[in-house]
Structure formats: C-alpha cells, structure tokens
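These notes are about the structure you will find just below.
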Amino acid sequence: MKEEYLVEMKNINKNFGAVKALKGVDFIVKKREVVGLLGDNGAGKSTLIKILCGVLKADSGEIFFNNKELSISSPYQAREKGIETVHQELSLVNTMTIARNMFLGKEPIRKVGFFSFLDKETMNREARKVIGDVGIKVRSPDEYVSILSGGERQAIAIGRAMYFDAKLLILDEPLRALSVKEQKNVLDHVNQVRDQGISVIFISHNVYHAYSVTDRFVLLNKGEKQGEILKEDSTPEEIAEFVSSGEKLSKIV
Ligand SMILES: Nc1ncnc2c1ncn2[C@@H]1O[C@H](COP(=O)(O)OP(=O)(O)O)[C@@H](O)[C@H]1O
Ligand SMILES: [Mg+2]
C-alpha cells in the first residue's frame with residue numbers, strides 16, 4: 001500500500017570515482033515505522049541517507065516523500081520538508097550555543113521597525129524546554145555545544161526533531177562512542193519520537209544496538225541491498241549472521 005509509505009527510494013546509484021557506493025538500491029520507510037539500516041562499515045549506509053537528506057546527489061534513481069517526488073539540493077530544504085538528520089559526524093555546530101544549534105536554519109526573528117533581530121529570548125526559552133523534555137542536565141541554553149558529551153549532543157539533536165515536528169528522523173550510528181547509560185537514554189528518546197508518530201531510520205553496523213527499537217531491518221552489503229527482515233521473524237543472532245554472511249535474502253516488505 002503506497003499510502004503507507006513515507007519514503008520510497010528507487011534504484012539509487014552513486015559512485016565516488018571508481019568506488020560504486022550504491023548499486024541500484026531500493027529503500028522504503030513506512031509511516032510511523034522505525035527502520036534499522038544495517039551493514040558493515042563501507043556498505044553505503046551513510047551515502048544512502050545523505051542522498052535522502054540533501055547532502056549528496058544520487059547519480060541516478062528516484063525519491064518520493066509522502067508519495068510526491070522529492071527534489072531537494074540541500075540539508076536546509078530537507079529540514080523544511082520535515083526530514084531531520086543526526087549525522088555520524090554529529091550535526092551540531094561546536095562553536096555555537098545549544099539554543100543557536102536548536103534553531104539552526106529556523107531562527108525566530110523579532111522585528112523592530114525596519115530592523116530584524118534574532119529573537120534570542122524565544123530561542124533560549126524554547127531550547128530550555130527541549131533540554132528538559134529530553135531529560136539532560138545542561139546548565140543553560142547559552143552554553144556552547146563543545147562542552148557536551150556525545151549522549152547530550154544526540155539528545156539535543158533528537159529533541160530538535162521533536163520540537164519542529166519532523167516527519168522523519170534519521171540517526172546515523174547514534175550509539176557509537178556512547179556510554180551504556182547514554183545509549184539507553186538515546187534508545188528511550190527513539191521510542192519517544194516514535195510515540196509522537198515520527199518515522200525513524202536507525203543506522204548501525206551492530207544489530208544489537210538497534211534491535212530493541214526497530215520494527216524492520218534493511219541490510220546493505222557492499223553498496224547493494226542484501227534484503228529485508230521483519231523483527232518478529234528473526235532473532236538478533238540470526239540477523240547478525242545474515243549481516244556477516246553477506247548472502248542475499250528473499251525480499252520482505
Ligand atoms: N565523499 C566520499 N568520497 C569518496 N568515497 C566515499 C565518500 N563517501 C563515502 N565513500 C565510499 O563509499 C563507500 C560507502 O561509504 P559509506 O556510505 O560511508 O558507508 P557506511 O556508512 O555504510 O559505513 C565506502 O567505500 C566509502 O569509502
Ligand atoms: Mg556510515
């Protein structure tokens with residue numbers, strides 16, 4: 001049922017010089033679904049989602065979002081459409097405050113006569129709410145992002161997606177380099193996001209990281225789709241085995 005689809009990527013190809021990063025990949029995300037995008041390092045996971053969120057352009061292929069052709073050429077345009085991405089190399093700007101990071105590209109403006117100002121008061125007030133919602137103990141929205149831990153940065157980026165009512169949240173290796181406690185917090189936030197009706201793409205090279213929050217797994221191997229697995233049909237051990245074998249699976253959607 002096409003109406004259930006939020007994202008439909010068809011026959012996506014991408015080369016970096018001689019490297020074939022993606023070879024005819026089809027990828028679907030349904031509404032209110034958490035998809036685990038799995039594969040070894042270099043499988044093409046980040047490339048696929050960078051194409052979806054406007055960081056990279058595919059060499060060929062089609063992308064539909066909410067059943068309409070998606071033609072975007074920047075991450076800013078993706079955010080306008082409701083696609084929020086937390087990249088592997090985190091998408092917060094270290095040299096800006098937490099409040100500025102939250103409103104990056106969507107800054108509230110206050111007009112006084114002919115002049116426009118950044119509405120810092122609103123940014124600080126709203127950022128304080130988001131910090132509270134995601135339950136992190138940062139002292140003030142005026143602090144710089146550079147002082148935050150990996151887990152706190154993830155939480156702020158996820159909180160931002162919820163605040164702006166995103167339709168799709170993309171998390172690229174969100175648990176990488178986090179402590180066990182921080183990992184648990186991020187997984188709790190993913191559940192919060194899903195409860196709000198937002199679809200999630202959870203990228204990982206480790207099925208155990210994604211297993212508890214994911215509904216369906218899509219496996220990539222060396223730039224090709226290896227197959228799809230519904231969580232209810234498989235144990236994490238079986239999925240890990242498929243990932244390491246690289247064998248093609250019959251398709252389940
Ligand atoms: N900007 C780039 N320039 C050249 N090669 C790249 C670039 N980005 C990714 N690649 C290559 O494309 C392949 C897929 O990379 P990537 O999508 O980052 O994989 P994954 O996220 O699954 O680890 C790898 O071989 C990687 O080296
Ligand atoms: Mg990657």
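Model, not experiment: these values are computed from the prediction. Read the numbers this way: they start at 1 and go in the same order the structure lists the ligands and their atoms.
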Protein heavy-atom partner closest to atom 16 (P) of ligand 1 - residue, atom, separation in Å: T47 OG1, 3.6 Å
Nearest-contact summary for atom 6 (C) of ligand 1 - protein heavy atom, Å: F16 CD1, 3.3 Å
Atoms of the protein (N/O/S only) found under 2.8 Å from the Mg ion (ligand 2): S46 OG, Q88 OE1
Side-chain hydrophobic cluster, 4.5 Å single linkage: members besides F115: V112, F117
Pairs touching residues 189-210 that satisfy salt bridge (Lys or Arg N to Asp or Glu O under 4.0 Å), sequence neighbours left out: R194-D215
Numbered atoms and elements of ligand 1 in range of A43, under 4.0 angstrom, heavy atoms: 19 (O), 20 (P), 22 (O)
Heavy-atom protein contact below 4.0 Å for atom 14 (C) of ligand 1: yes
Contacting atoms of ligand 1, where contact means under 4.0 angstrom from a heavy atom of N41: 23 (O)
Subset of ligand 1 atoms that lie under 4.0 Å from at least one heavy atom of D40: 22 (O)
Aromatic ring proximity F164/F103, centre distance under 6.0 Å: yes
Options S204, G223, S46, ranked by nearest heavy atom to atom 21 (O) of ligand 1, top entry: S46
Salt bridge D133-K129, side-chain N to carboxylate O under 4.0 Å: no
Nearest protein heavy atom with distance in Å, relative to atom 25 (O) of ligand 1: V19 CG1, 3.7 Å
Could you go through residues 35-49 and list every donor-acceptor pair under 3.5 Å that involves a side-chain atom there, pairing it with any protein atom two or more places apart or in another chain?
| residue | atom | partner | partner atom | Å |
| --- | --- | --- | --- | --- |
| K45 | NZ | G39 | O | 2.8 |
| K45 | NZ | D40 | O | 3.0 |
| S46 | OG | Q88 | OE1 | 2.9 |
| S46 | OG | D172 | OD2 | 2.6 |

